[in-house]
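In what follows, a single structure is set out as structure tokens and then discussed.
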Amino acid sequence: MAAPNDRSPARPLVYAHRGSSRRYPELTRAAFVQALADGAGGVECDGHLVLHHDSHLGRTSNGSGPVGQHTLAQLHRLDFSTWKGVWIPPTHGAAHEQLMTLDELLDLLLAAGRPVGLAVETKHPSPFGQGLEEALLVLLMRRGWNPETGWLGSVLVSVMSFHPDAVRYLLECVSPRHVCQLVSQTTVATVRSGLRVGTATAAVCRAGMRLVVPPAVPVISRGEVEIAGPGIEYVRENPRQVEQWLRSGAVLRVWTVDTFADAHVCLALGVQQITTNVPAQVRRWTDPGAAGASAAPHRGSAPTAPVPGTRAPAIPRPAAPLPGTPRSAGRLPGAPVPGDPAPAGAPAASSHRG
């Protein structure tokens with residue numbers, strides 16, 4: 001697999017959304033092993049100590065109840081892979097190895113033999129409050145995360161959230177270069193789909209969300225963070241806003257881009273980072289040297305403050321930086337292909353399309 005700096009600047013950095021999650025069960029060892037084999041420049045995960053997207057266990061395992069009410073030993077006894085209905089080869093881990101902790105994911109990425117990005121999303125609202133972010137920062141510092149550069153060995157870590165309060169909490173300790181404000185196009189339809197409720201209930205929930213959760217867009221527009229994370233629906237419906245963010249120097253990390261058409265919307269706008277469930281396909285679609293791929297140029301650049309009471313470890317910056325990351329590195333203030341497979345993270349407290 002080529003190192004990130006071997007890629008043409010015209011190619012965006014591809015993050016595998018919960019690993020190669022179209023092919024293997026999301027957030028499992030198999031999905032992350034496949035993401036690295038697919039040449040993904042980075043991976044995205046939900047959670048902290050345990051990688052799990054939903055607040056409850058039922059959708060992706062044979063367990064039930066809230067994730068946070070289970071011990072790690074109890075979680076390891078559950079089946080997190082059979083629901084997908086795909087065979088997992090021995091090279092991608094045994095059944096009991098599929099549920100991963102963040103520590104285990106870091107070990108996997110560090111063993112990749114090349115620089116890799118890691119985008120960790122914190123889920124809110126949460127009964128743990130900002131304890132989620134604090135636990136994440138403590139874990140990263142324990143592993144030797146360098147807050148001056150964002151690197152943990154050969155892994156470049158960024159932290160993301162949809163909730164602006166969580167983002168602002170992170171900004172107290174983390175450089176804006178490595179913090180991403182996620183943005184969704186929240187509609188009654190998306191709330192209904194995400195929460196699996198009726199139209200009337202979804203409308204009430206959406207109204208409540210708009211009252212309780214501060215707006216995310218101003219956090220990006222005011223330059224509080226340097227990574228903007230809009231969903232592809234938001235990008236399609238707000239191209240002028242996206243172009244404004246790009247002109248201001250923000251790095252765009254767009255999710256979840258799973259089709260040829262959406263990949264080329266991102267290319268046309270100049271998006272530097274793409275999050276996808278199908279990293280191998282997106283890499284083909286965005287390769288300027290591949291037949292049928294767009295050669296439209298777009299901007300990118302060579303790729304936090306410490307937790308109070310900790311000391312930054314002396315870890316050298318890797319010689320091959322990740323492209324498509326914020327440029328203010330000196331400031332401390334982050335059409336399907338034939339034959340493709342068919343579609344089918346500490347505890348999470350909400351479910352959404354990201």
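Everything numeric here is computed off the predicted structure, so don't read it as measured data.
Counting heavy atoms from C-beta on, the side chains of Glu233 and Asp262 never come closer than 4.5 Å. Inter-residue side-chain proximity for Leu269 and Glu243 is flagged as met; some heavy-atom pair is nearer than 4.5 Å. Taking 4.5 Å as the limit, some side-chain heavy atom of Cys45 sits within range of a side-chain heavy atom of Leu102. With contacts defined as side-chain heavy-atom distances shorter than 4.5 Å, the pair Arg59/Glu26 qualifies.
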Inset, instruction - Report the C-alpha distance between Gln273 and Leu252 in whole Å, list the side-chain angles of each, state the deciding distance to 0.1 Å, and finish with yes or no for side chain to side chain contact (heavy atoms under 4.5 Å, CB included). - result: CA-CA 6 Å; Gln273 299 182 5; Leu252 268 290; over 6 Å; no

Inset, instruction - Verify side chain to side chain contact (heavy atoms under 4.5 Å, CB included) between Gln241 and Ser221, making sure each step is shown before the conclusion. - result: CA-CA 9 Å; Gln241 177 71 81; Ser221 298; 3.6 Å; yes

Inset, instruction - May I have the step-by-step check of side chain to side chain contact (heavy atoms under 4.5 Å, CB included) for Cys180 and Leu182, ending in yes or no? - result: CA-CA 6 Å; Cys180 175; Leu182 295 169; 4.0 Å; yes

Inset, instruction - Step by step, work out the side chain to side chain contact (heavy atoms under 4.5 Å, CB included) result for Val219 and Arg168. - result: CA-CA 9 Å; Val219 176; Arg168 292 191 173 99; 3.4 Å; yes

Inset, instruction - Decide yes or no on salt bridge (Lys or Arg N to Asp or Glu O under 4.0 Å) for Lys123 and Asp54, but give the supporting numbers first. - result: CA-CA 9 Å; Lys123 294 289 193 180; Asp54 300 354; over 6 Å; no

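Connection of Leu136 to Leu171 is established within a shared hydrophobic cluster, with ILVMFWY side chains joined at heavy-atom distances below 4.5 Å, either directly or through further cluster members. The same ILVMFWY cluster, assembled from side-chain heavy atoms under 4.5 Å apart, contains both Met141 and Leu110. Taken together through direct or relayed side-chain contacts under 4.5 Å among Ile, Leu, Val, Met, Phe, Trp and Tyr, Val179 and Val217 form part of one hydrophobic cluster. If you chain together hydrophobic residues whose side chains sit under 4.5 Å apart, Tyr169 and Val159 never meet in one group. Connection of Tyr24 to Val43 is not established within any shared hydrophobic cluster, with ILVMFWY side chains joined at heavy-atom distances below 4.5 Å, either directly or through further cluster members.
Atom CG in Leu109 sits 6.5 Å away from atom CG in Leu106 (nearest 0.5 Å). Interatomic distance, Leu27 CG to His17 NE2, rounded to the nearest 0.5 Å: 8.0 Å. The NE2 atom of His124 sits 4.0 Å away from the OG1 atom of Thr122 when rounded to the nearest 0.5 Å. One finds the CZ atom of Arg22 at 10.0 Å from the OG1 atom of Thr256 (value rounded to the nearest 0.5 Å). A distance of 8.0 Å separates CG of Leu139 from OG1 of Thr101, quoted to the nearest 0.5 Å. Residue Leu108 holds its CG atom at 9.5 Å from CD of Glu104, rounded to the nearest 0.5 Å.
With hydrogens and angles disregarded, no donor-acceptor distance shorter than 3.5 Å links the side chain of Trp83 to the backbone of Ser61. Between the Gln181 side chain and the Ser161 main chain, a donor and an acceptor come within less than 3.5 Å of each other. No side-chain donor-acceptor contact under 3.5 Å links Ser154 to the backbone of Pro115. Not one N or O on the side chain of His92 forms a donor-acceptor pair closer than 3.5 Å with the backbone of Thr28. Of the possible polar contacts, none joining the Asp287 side chain to the Arg283 backbone as a donor-acceptor pair under 3.5 Å is found. Judged purely by atom type and a 3.5 angstrom limit, Gln98 uses its side chain to pair as donor or acceptor with the backbone of Ala30. In this structure, the side chain of Arg23 does not engage the main chain of Gln34 through any donor-acceptor pair within 3.5 Å. In this structure a side-chain-to-backbone donor-acceptor pair under 3.5 Å is present from Ser248 to Trp245. The backbone N or O of Ser21 lies less than 3.5 Å from no partner atom in the side chain of Asn277, so there is not a single donor-acceptor pair.
Taking the six-membered ring for Trp and thresholds of 30 and 60 degrees, Trp255 and Phe162 have ring planes more than 60 degrees apart, a perpendicular arrangement.
Considering all non-hydrogen atoms of both residues, Ala31 and Pro25 come closest at CB-O, 3.3 Å. The heavy-atom pair separating Gly270 from Leu246 by the smallest distance is O-CD2, 3.8 Å. Between Thr91 and Val33, the closest heavy-atom pair is O-CG1, 4.1 Å. Taking every heavy atom of both residues into account, Phe32 and Arg18 meet most closely at CE2-C, 3.8 Å. Closest heavy-atom contact between Val257 and Thr276: O-OG1, 2.7 Å. The shortest non-hydrogen separation linking Leu152 to Gly144 is CG-C, 4.1 Å.
No side-chain donor from either of Gln130 and His163 sits under 3.5 Å from a side-chain acceptor of the other. A donor-acceptor contact under 3.5 angstrom links the side chains of Ser158 and Arg253, judged on distance only. Using a 3.5 Å distance cut-off with no hydrogens or angles, the side chains of Glu44 and Thr275 do not pair a donor with an acceptor. When only modelled atom types and interatomic distance are considered, Asp79 and Asn62 share no side-chain donor-acceptor pair under 3.5 Å.
Of the charged side-chain nitrogens involved, at least one lies within less than 4.0 Å of a carboxylate oxygen, so that Arg142 and Asp103 count as a salt-bridged pair.
Evaluated for a side-chain contact (heavy atoms from CB on, under 4.5 Å) with Arg11, the options Val282, Leu267, Ile274, Thr286 yield exactly one hit, Thr286.
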